[in-house]
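All heavy atoms count here, side chains included; hydrogens, waters and symmetry mates do not.
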Amino acid sequence: MNISATVRNASAILLSFALANNTFAQKPEMEAPKGFDKPTAGIATGRIDSISYDSKTVGTVRKALVYTPPGYSKKKKYPVLYLLHGIGGDEKEWLKGGRPQVILDNLYAAGKLKPMLVVMPNGRAMKDDRAVGNIYGPDKVAAFANFEKDLLTDLIPYVEKHFPALTNRENRALAGLSMGGGQSLNFGLGNLDKFAWVGGFSSAPNTKQPEQLVPDPAKAKKLLKLLWISCGDQDGLLAVSQRTHDYLYQNNVPHVYYLEAGGHDFKVWKNGLYMFSQQLFKPVDVSALPTYTVLGTPAATNVRNAKYPQILPDNRAVFRLKAPGVQKAQLDLGRKYDMVKDSTGTWTVTTDTLSRGLHYYSLLLDGLPIADPASDTFYGMGRMASGIEVPGRGTGYYAVRDVPHGEVRERRFYSKVTNSWRRFFVYTPPGYDANAATKYPVLYLLHGGGEDETGWAKQGKTNLILDNLIADKKARPMLVVMLDGNMGGSGGLAGFGEPTLKRFEDELKQTVLSVVETSYRVAPGANNRALAGLSMGGLQTLYAGMKNTDLFQYLGVFSSGFFANNTALSDPQYAFMKANAGTINTNLKQLWLSMGGPEDIAYANNKVMRAKMDELGIKYAYSEYPGGHTWPVWRHDLYLFAQKLF
């Protein structure tokens, strides 16, 4: 035996782990290094033994494997990780497919692991617990659920009686792969008085719905030391992990959502064990948890089957484009990011953490702005642009839910004002076609500058907001007519004066109302009409709405206000309000003004306008929702305003 060669080999491998460990101290490693699952000569090793325990739950003697760490001593006390297998495995599946003792031995040698016992049981709690016959049979599936009782009342007491195990919840962890991942989430989160550390690797469909897993997010947040959810990006069961992460994120429960390249296999699960085990029974930096991942989730705005852009758990975004002939590539997301080119001609960049909601962006290829072929496009910024939807908390009101859904329909009409064919979109509520005798009130809804009639239909998620509100009986069923507020001219603020506003008012009164009320089943009268808009559309609402309170009894002004520095436009409007304050206050059931907080670019104008309205005695309601001049604010405005109508 060549001892010196063996020592050199061991030293080299340990050096790689030590370097990784040093890196971990500076910046956490994101996946296992090469050789992490290969035996290292010359290091101390743990031991795997088979145990038998009496299961009163099953009524038989059952088996499990126990890994004891290097230097194990009955005079010491150890925390315990219970490690569960998948639907086709047994207590030996991890041993055969994952070689956990090798992974753990290497981690101990690198100084990365807190000494612990690892118990690998058979999670199929039935008398014949072999993985034979129809492993998906109802009796087998029921046995996996039955294991919860076996684990809690038979196995854990046995381990804590026969091994020097620490017996409090802070020193007990539960994790597993596939079916065992579902068990770990179900049993661990369902018994937080027993487990403080829970991990699901590629959790299977036996995983409970998130609302059942974590019915009390505040309690889970308080009691959990670490919740780990990981999966391969090509795993057919990824949706189980994704839905769990989405719920935890929305409810602000700290956790790791770790995605890596791979499928439903031991490549992923071994890496999951490597990453998860290092975190156990140590202080946890909760703020760092969202950074633990290799890959992100494809953005909801990606075109079909596009893997990029991706959203990382901390809401940084990764953009990627293959363009080998390009010399310089940048991402223009309001701020410009330089992209880096690899040997295959693929350009990549990772952004800073992005605020929630829809962000327009372009790719600059040698200075030429183009739309990203991997993303959906939106009419915004005065042209078609790519968009990326960044998730945010408190956005369930526009989530796709299992409720009755309305429709968004397209209608073309000839405008007598512009002498051209124009278009609007109409949301019809659930049951519109079936309830032929029912007539509906109408909300006329306007977009902002640089956008068009598709804005509220697409970026604004109007249909989902109304579907959910109607299903929850928070809003009356209504039609929502999403208009094109672009009336020609030079555009922009320079071309936006009273003549442009008057053209909008004329088209609304002379053409749009007639087309809508002759084409759809509309309830008549001003008490069944509302007008609202964002930014530029807010100005149009103020102009046309305040002058026509005999036509509209509800007005909504989102992120807007007459320009404080354009008295030529604003003074005549205030003069009209002063002369007609009594009529305006009598006719309007709701004049609702809202802003996206001080960071909203229209905040100052709106503040000046509110002061003027106070002076003139115009009654209004005011609301603020943080987020600036952005779609998350306007979606929330619609959500609140729609509940006040009719």
Side-chain angles (χ1 to χ4, degrees), residues 10-11 13-18 20-21 24-25 29 32-33 35-53 63-85 91-121 151 155-177 180 184 195-199 201 225-226 228 266 269-284:
S11 298
I13 293 177
L14 286 174
L15 177 61
S16 70
F17 277 94
N21 196 40
F24 181 79
E29 60 181 331
F36 80 103
D37 56 349
K38 300 291 187 291
T40 302
I43 65 171
T45 59
R47 174 174 170 170
I48 290 185
D49 293 295
S50 179
I51 62 170
S52 298
Y53 66 98
K63 292 184 177 180
L65 299 181
V66 178
Y67 167 87
T68 51
Y72 170 73
S73 171
K74 292 185 178 180
K75 295 180 180 180
K76 299 178 181 178
K77 292 282 189 177
Y78 297 89
V80 185
L81 164 62
Y82 293 85
L83 190 60
L84 309 182
H85 60 81
E91 72 273 13
K92 295 181 180 178
E93 182 177 25
W94 270 102
L95 181 65
K96 294 175 181 177
R99 305 174 79 189
Q101 75 280 17
V102 174
I103 297 171
L104 299 174
D105 287 345
N106 286 335
L107 283 169
Y108 281 120
K112 291 186 174 184
L113 214 59
K114 179 97 180 242
M116 71 185 78
L117 307 177
V118 181
V119 179
M120 292 165 275
L151 172 67
L155 179 57
I156 289 177
Y158 177 90
V159 169
E160 295 181 353
K161 180 178 179 180
H162 293 85
F163 291 85
L166 293 164
T167 59
N168 57 346
R169 58 177 294 277
E170 290 81 4
N171 288 289
R172 209 179 283 132
L174 181 62
L177 66 89
S184 297
F195 302 98
W197 313 79
V198 180
F201 312 149
K225 294 290 187 182
L226 175 65
W228 178 283
F266 264 106
W269 303 329
K270 288 191 291 185
N271 186 58
L273 175 62
Y274 175 87
M275 295 295 298
F276 177 67
S277 62
Q278 293 178 67
Q279 312 300 319
L280 295 178
F281 315 121
K282 300 175 182 178
V284 175

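- The CG atom of Asp49 lies 9.5 Å from the CD1 atom of Ile51; values are rounded to the nearest 0.5 Å.
- The distance from the CD1 atom of Ile156 to the NZ atom of Lys161 is 16.0 Å, given to the nearest 0.5 Å.
- You'll find the side chain of Arg47 stays beyond 4.5 Å of the side chain of Tyr72, heavy atoms only.
- Across every non-hydrogen atom of Gly176 and Ser184, the tightest pair is N-OG, 3.1 Å.
- Closest non-hydrogen pair, Glu91 versus Met120, comes out as CB-O, 3.3 Å.
- Between Val284 and Trp197, the closest side-chain pair of non-hydrogen atoms falls below 4.5 Å.
- Atoms CG and OG, from Leu81 and Ser277 in turn, are 8.0 Å apart once rounded to the nearest 0.5 Å.
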Any chance you could lay out the side-chain contact (heavy atoms from CB on, under 4.5 Å) test for Val118 and Gln101, step after step, and finish with the verdict?
CA-CA 9 Å; Val118 181; Gln101 75 280 17; over 6 Å; no

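- Here the closest heavy-atom approach between residue Glu29 and residue Pro33 is recorded as OE1-CD, 3.8 Å.
- Between Tyr158 and Tyr53, the ring planes are tilted. Angles from 30° to 60° get that label.
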Could you check Trp228 against Phe201 for side-chain contact (heavy atoms from CB on, under 4.5 Å), going step by step and ending with a plain yes or no?
CA-CA 8 Å; Trp228 178 283; Phe201 312 149; 3.7 Å; yes

Listed pairs under 3.5 Å, donor-acceptor, residues 166-175 side chains, sequence neighbours left out:
unit_1 : atom_1 : unit_2 : atom_2 : d
Asn168 : OD1    : Asn171 : ND2    : 2.6
Asn168 : ND2    : Glu170 : OE1    : 3.2
Arg169 : NE     : Leu192 : O      : 2.5
Arg169 : NH1    : Leu223 : O      : 3.4
Arg169 : NH2    : Leu192 : O      : 3.3
Arg169 : NH2    : Leu223 : O      : 2.4
Arg172 : NE     : Glu160 : OE2    : 3.1
Arg172 : NH1    : Lys194 : O      : 2.8
Arg172 : NH2    : Glu160 : OE2    : 2.7
Arg172 : NH2    : Thr167 : O      : 2.6

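- Checked options Ile103, Leu104, Leu113; the residue passing with Tyr274 is Ile103 (criterion: side chain to side chain contact (heavy atoms under 4.5 Å, CB included)).
- Among all heavy-atom pairs drawn from Phe195 and Leu151, the shortest one is CZ-CD2, 3.9 Å.
- Looking at every heavy atom in both residues, Pro121 comes nearest to Leu83 through CD-O, 3.3 Å.
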Given the rule in the side-chain contact (heavy atoms from CB on, under 4.5 Å) test, do Val119 and Phe163 qualify, once you have shown the distances and angles that lead to the verdict?
CA-CA 11 Å; Val119 179; Phe163 291 85; over 6 Å; no

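- Among residues two or more places apart in sequence or in another chain, the side-chain contact (heavy atoms from CB on, under 4.5 Å) test is passed with Lys76 by Ser73, Tyr78.
- Considering only heavy atoms from C-beta on, Leu117 comes within 4.5 Å of Pro69 through its side chain.
- Within the model, atoms CZ of Phe36 and CG of Asn271 stand 5.5 Å from one another, a figure rounded to the nearest 0.5 Å.
- The NZ atom of Lys92 sits 6.5 Å away from atom NZ of Lys63, with the distance rounded to the nearest 0.5 Å.
- Residues that satisfy the side-chain contact (heavy atoms from CB on, under 4.5 Å) test with Pro70, not counting sequence neighbours, are Ala44, Tyr67, Asp105, Tyr108.
- Not counting sequence neighbours, the partners of Lys270 by the salt bridge (charged side-chain N to carboxylate O under 4.0 Å, His left out) test are Asp37.
- Here Val102 pairs with Pro39, Arg99, Asn106 under the side-chain contact (heavy atoms from CB on, under 4.5 Å) rule; sequence neighbours left out.
- Distance check, rounded to the nearest 0.5 Å: NZ of Lys282 to CG of Leu226 gives 11.5 Å.
- Residues meeting the ring-ring contact (aromatic ring centres under 6.0 Å, His included) test with Trp269, sequence neighbours left out: His264, Phe266.
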For a side-chain contact (heavy atoms from CB on, under 4.5 Å) check, start with the C-alpha distance between Met116 and Leu280, then their side-chain angles and the critical distance, and finish with the verdict.
CA-CA 9 Å; Met116 71 185 78; Leu280 295 178; 4.1 Å; yes

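- When all heavy atoms of Leu84 and Trp94 are compared, the closest pair comes out as O-NE1, 2.9 Å.
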